[in-house]
Protein chains: 2
Amino acid sequence: MKIDPTSSKDLSAQIASAIRDAIVSGAMPVDERLPSEAELADQFEVSRSTVREALKRLAAQSLIRTQRGATGGAFVNRLRYADAYSQQITTSTLLLSMNAVSFETACEARYALERACAPLSATRRTPDHLATMRAEIHRQGQPGLTDEAFCASDVAFHRALVDGAGNPVLSYQLAGAVEAMQPLMNMITFTARSRERIITLHGGIADAIEAQDGGAADAALVELAEYTVALAQSVFEARAAQR
Amino acid sequence: MKIDPTSSKDLSAQIASAIRDAIVSGAMPVDERLPSEAELADQFEVSRSTVREALKRLAAQSLIRTQRGATGGAFVNRLRYADAYSQQITTSTLLLSMNAVSFETACEARYALERACAPLSATRRTPDHLATMRAEIHRQGQPGLTDEAFCASDVAFHRALVDGAGNPVLSYQLAGAVEAMQPLMNMITFTARSRERIITLHGGIADAIEAQDGGAADAALVELAEYTVALAQSVFEARAAQR
DNA sequence: CAATTTTCATTTGTCAGACAATTAAAAGTC
DNA sequence: GACTTTTAATTGTCTGACAAATGAAAATTG
């Protein structure tokens, strides 16, 4: 293997790209062991430090895992849903916070995606999913709950709704959208009355899902979406008037 | 700053986590310069190599960028949609290929998400989006097109449909689902007749979007989804029978 | 012989120091 | 003032070393 030394990119970035391509293309199957750092250094004609920096880049993307010891080394990692989730959430959160995405835009995306899950969830939800949804609704009604805790419970409720669809790919895609909304939701101070309204709407969604009525679930989600946007608007307006 | 030396994780991973948390929490705003590698090494009481490995991890996630020279250093990077797209596509592609996600599951997720975009796209699509969709439909009808080129055009068509919704968050979320499907779609050999059918269905979608008829677009997408699943099933069955 | 312990080789993790490459600011020159 | 040269700061790369982990082989012991 060789690397272009005249490229503008770092050597470690080039090496990481080369190995990444090999993994993504399927040339290196899961659990295959990469050559040792010393061997890679020889092959690419760079120092071991440079190889290590490249490997750390790949490790950050969960593409490889490393193990010390005699039979250790770097191995192609099976990307698990949990790893993919957390990466997606980090990326989505930053994307929203760094690009001044409006509450409306984020909210629209979130509810559009959730509505895509609702009919599937109505058909396939297990008793477990229903129990989680009911439990979160109950928690949301507890007095003395902080806004942050209320929002966290809200996220948990919606995750259960999404997971109910029984499609891991959907769950993975939605995780980012739902979780990344939390910081934006945390900006809203919930009055007792708005909480009550949201809890009622959540109850309606849970009822529809329990009754396996996809249409009703969709309608309830639309109602919740509209209420959320209206609530946010009033909160932001009140805040602007205060100044 | 201090780091737990008894932790099971690598020092570089711990340092990367600490800095990542600072960035994600918003404690370090975009374009803020991190301390130099030497200063970080002092603060965390580790060597410069270890700091560098931590920084490479963050660079791999596009959280920072580095610049050489007197006023250089590592800066908090504004995560752009393009960076987020490509990361999402890499992750989604690996997730599908490494976890033996069935064609049905991936297809269901993709079309469920696209259906979420369709009504928005019908309302907001620009002439540009329509032109792209028409151009890709035309390309798909060209004789002598390889299966790969046909699939690539298919992806481009669906991206235009999604982008038509005018919601960058949706586009970002959908990019992974749509693009990651391509390797799976490439497994299907398209006959002239199946291509013709798909092109007809694409035309129907484009017509509905042009007419700003969300309901018709949704119906056309459902039809396309069903046809795609049926086509895949027949292809896989034929392949199984061949053995 | 079987079970256990010890030794050993391999590999990653960390460190220290050096030099090259790059870059912008500072100093010098006309 | 405009231009050139110098300088200092910073990242990129290399070298060599040692520590820590770990499984396999060898030695030991009953």
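Just so it is clear: chains get the letters A, B, ... in the order the sequence lines come, proteins before strands, and each one is counted from 1. These values consider heavy atoms only, across backbone and side chains, with no hydrogens, waters or symmetry-generated copies. Computed from a predicted structure; not experimentally measured.
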Is there a side-chain contact between [X] and the phosphate of [N], meaning an N or O under 4.0 Å from OP1 or OP2?
| X | N | value |
| --- | --- | --- |
| A/Thr50 | D/dC14 | yes |
| B/Arg52 | D/dT11 | no |
| A/Thr66 | C/dG13 | yes |

Reckon B/Arg65 touches a base, only the sugar-phosphate, or nothing at all at heavy-atom distances under 4.0 Å? nothing
Side-chain donor-acceptor pair present, [X], [Y], cut-off under 3.5 Å:
| X | Y | value |
| --- | --- | --- |
| B/Gln61 | A/Thr90 | no |
| B/Ser92 | A/Tyr172 | yes |
| A/Arg124 | A/His129 | no |

Closest to side chain of [X], choosing from [options]:
| X | options | value |
| --- | --- | --- |
| B/Ser47 | C/dT14, D/dT13, D/dC14 | C/dT14 |
| A/Ser36 | D/dT15, C/dT11, D/dT10 | C/dT11 |
| B/Glu37 | D/dT13, C/dT14, D/dG12 | D/dG12 |
| A/Lys56 | C/dG13, D/dG12, C/dT23 | C/dG13 |

CD of A/Glu108 to CG of B/Leu170: how many Å apart, nearest 0.5 Å?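 CG of B/Leu170 is found 6.5 Å from CD of A/Glu108.
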Any chance you could measure B/Ile23, atom CD1, to B/Leu79, atom CG, to the nearest 0.5 Å? 10.5 Å
Look only at the side chain of B/Thr50 and the backbone of B/Val46, and say whether a donor-acceptor pair between them is shorter than 3.5 Å. no
Every protein N/O lying under 3.5 Å from an N/O of nucleotides 18-20 of chain D:
none

Within this structure, what is the [atom1]-to-[atom2] distance between [X] and [N], rounded to whole angstrom?
| X | N | atom1 | atom2 | result |
| --- | --- | --- | --- | --- |
| B/Gln67 | D/dA9 | CD | C1' | 13 Å |
| A/Asp42 | D/dT13 | CG | C1' | 16 Å |
| A/Lys9 | C/dT22 | NZ | P | 17 Å |
| B/Leu11 | C/dT12 | CG | P | 17 Å |
| B/Glu39 | D/dA8 | CD | C1' | 14 Å |
| A/Glu53 | D/dC14 | CD | C1' | 11 Å |
| A/Leu40 | D/dT13 | CG | C1' | 17 Å |
| A/Arg33 | C/dT12 | CZ | P | 6 Å |

If you pin A/Ala70 and A/Ser49 to their nearest nucleotides in DNA chain D, which one's is more 5'? A/Ser49
Taking all non-hydrogen atoms of both residues into account, name the closest pair between B/Val76 and B/Arg65 and its distance. O-NH1, 3.3 Å
